[in-house]
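To keep things clear, I will list the structure first and then write my remarks on it.
Below, each value reflects all heavy atoms present in this structure, side chains not excepted, and no hydrogens, waters or symmetry copies. Note that the numbering runs from 1 along the sequence shown for the chain. Atoms within each ligand, like the ligands themselves, are counted from 1 in listed order.
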Amino acid sequence: MKIVDAKVVVTSPGRNFVTLQITTDDGVTGLGDATLNGRELAVVSYLRDHVAPLLIGRDPHRIEDAWQYLYRGAYWRRGPVTMAAIAAVDVALWDIKAKVAGLPLYQLLGGASRDRIRAYGHANGSSLAEIFDSVRALQERGYQAIRIQSGVPGLQSVYGVHTAPSADGSAPDVLAQPAVEDWDTAAYLRYIPRVFEAVRNEFGPDLPLLHDAHHRLSPIEAARLGKDLEPYDLFWLEDCTPAEDQEALRLVRQHTTTPLAIGEVFNTVFDYQTLIDDRLIDYVRSAVTHFGGVSPMKKLFDYAGQRGIKSAIHGPEDISPVGMAAALHLDLAVHNFGIQEYSGHTDLTNEVFRHAYTFQDGYLHPGEVPGIGVELDEELAAAHPYEPGYLPVNRLKDGSVHDW
Ligand code: EZ4
Ligand code: CO
């Protein structure tokens, strides 16, 4: 078998998605997600200009060789653009291999280790009443684990808190110019424990609750938040400190028993080396889409599992259904699965990317269709072309930029 075509499709059915479609001389196609929110076209160029020409004529079955060729062969390694591009190739080749085998991808990853995949959803609100309503709405959709993001008194707009809900219950956080949000760590640290106290009182001790600090705290601030949240028994505190600094988590770890999760902006195993070796975290949060694909994610989970650390693949709206499907095949197969983030997509997105995976009673399943189980509707994709978009930026009260 030979690769005869590698096409990059950019579509914006509400938000931008970048998809690689590889075709073989037998007419088999494979899809890979390469969406890098707010920097999409950099990956498009990397794939179109630098990767696609290298794929033509290759044997699609040699997935590991293609991965090593693109990773080591470029000389310039790592980084989100490179690793999103490599991820799309890796997943598209796994899709092809599984289709040729006539098996859903999870069967090639060792088969199912579980029957279904527990998901968590995103609740949010600018008041406690709004948060409670949002939790109830998720429970009605079946969710059995819920992330809570709250507005903070005195702040105009805070990460994860949406004012204008759209079809899937979220609001676009992507604008043509970066929105400027405000931030005050002291106000946040004072307020968030009160939110979790209220949510626990309202919903009882059994509901798993999560929270994302989105890389905004210093180590000592994160340590304080972790301690203050201990009475409310969080499933995890996510991304508490800026992700570049693995040593920061050591200080947090020394002070709190609140479980820690990190990794959505990581792109290789080297970002985790200290964190895993020294057991500084409980969950690895990378996305198949940003970490070089299914192949390195499987290796990451096997490595993390040796330290009792579990998987928790990143699954926001800006991971396309292609990236989500790839994640679900891994989730079903790996033994040390923890939880899967899942917000769902708009109806239009689900039409552009028709998928076999399902969500029911709070649990996901990748389905039994050979490959990853996603079909791209190219005509509908073309009807919704790329729209420039940025994530917001954060500024403190004195006007200086803070982590968003
Ligand atoms: O802000 O994917 O846990 N989920 C997250 C996401 C990220 C977006 C950035 O593109 O933190 O909502
Ligand atoms: Co996050």
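With ligand atoms numbered from 1 in the order given, ligand 1 contributes 2 (O), 8 (C), 9 (C), 10 (O) to contacts under 4.0 Å with heavy atoms of D318. Using a 4.0 Å cut-off to heavy atoms of R147, the atoms of ligand 1 that qualify are 3 (O), 4 (N). Residue L391 has at least one heavy-atom neighbour below 4.0 Å for each of these atoms of ligand 1: 9 (C), 10 (O). Near D212, with a cut-off below 4.0 Å to any heavy atom, the atoms of ligand 1 are 3 (O), 4 (N), 5 (C), 11 (O). Using a 4.0 Å cut-off to heavy atoms of E341, the atoms of ligand 1 that qualify are 3 (O), 4 (N). Within ligand 1, the atoms closer than 4.0 Å to a non-hydrogen atom of R285 are 3 (O), numbered from 1 in the order shown.
Each protein N, O or S atom less than 2.8 Å from the Co ion (ligand 2) was counted, giving 3.
Residue-ligand proximity: E317 is placed with every non-hydrogen atom at 4.0 Å or more from ligand 1.
Between R194 and E197, at least one side-chain N (NZ, or NE/NH1/NH2) sits under 4.0 Å from a carboxylate O, which counts as a salt bridge. The pair D271-R78 meets the salt-bridge criterion, with a side-chain N (NZ, NE, NH1 or NH2) lying under 4.0 Å from an Asp/Glu carboxylate O. Here E221 does not pair with R224 in a salt bridge; the nearest charged N to carboxylate O distance is not below 4.0 Å.
Between H122 and ligand 1, no pair of N/O atoms sits closer than 3.5 Å. For ligand 1, the polar-atom distance check finds an N/O of N37 within less than 3.5 Å of one of the ligand's N/O atoms.
Under a cutoff of 6.0 Å and an axis angle of 45°, R118 and F337 do not form a cation-pi pair.
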Report the C-alpha separation of W183 and Y159 in whole Å, then their side-chain angles, then the decisive distance to 0.1 Å, and conclude whether the ring-ring contact (aromatic ring centres under 6.0 Å, His included) test is met.
-> CA-CA 10 Å; W183 184 246; Y159 163 76; 9.6 Å; no
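A search for ring pair (Phe, Tyr, Trp, His ring centres under 6.0 Å) contacts involving Y357 returns H355, not counting sequence neighbours. Residues that satisfy the side-chain contact (heavy atoms from CB on, under 4.5 Å) test with K99, not counting sequence neighbours, are V28, T29, D95. Not counting sequence neighbours, the partners of F196 by the ring pair (Phe, Tyr, Trp, His ring centres under 6.0 Å) test are H211.
Each of Y342, W236, Y283 was scored for a ring pair (Phe, Tyr, Trp, His ring centres under 6.0 Å) with Y120, with one residue passing: W236.
Side-chain N/O atoms of S45 and D49 include a donor and acceptor closer than 3.5 Å.
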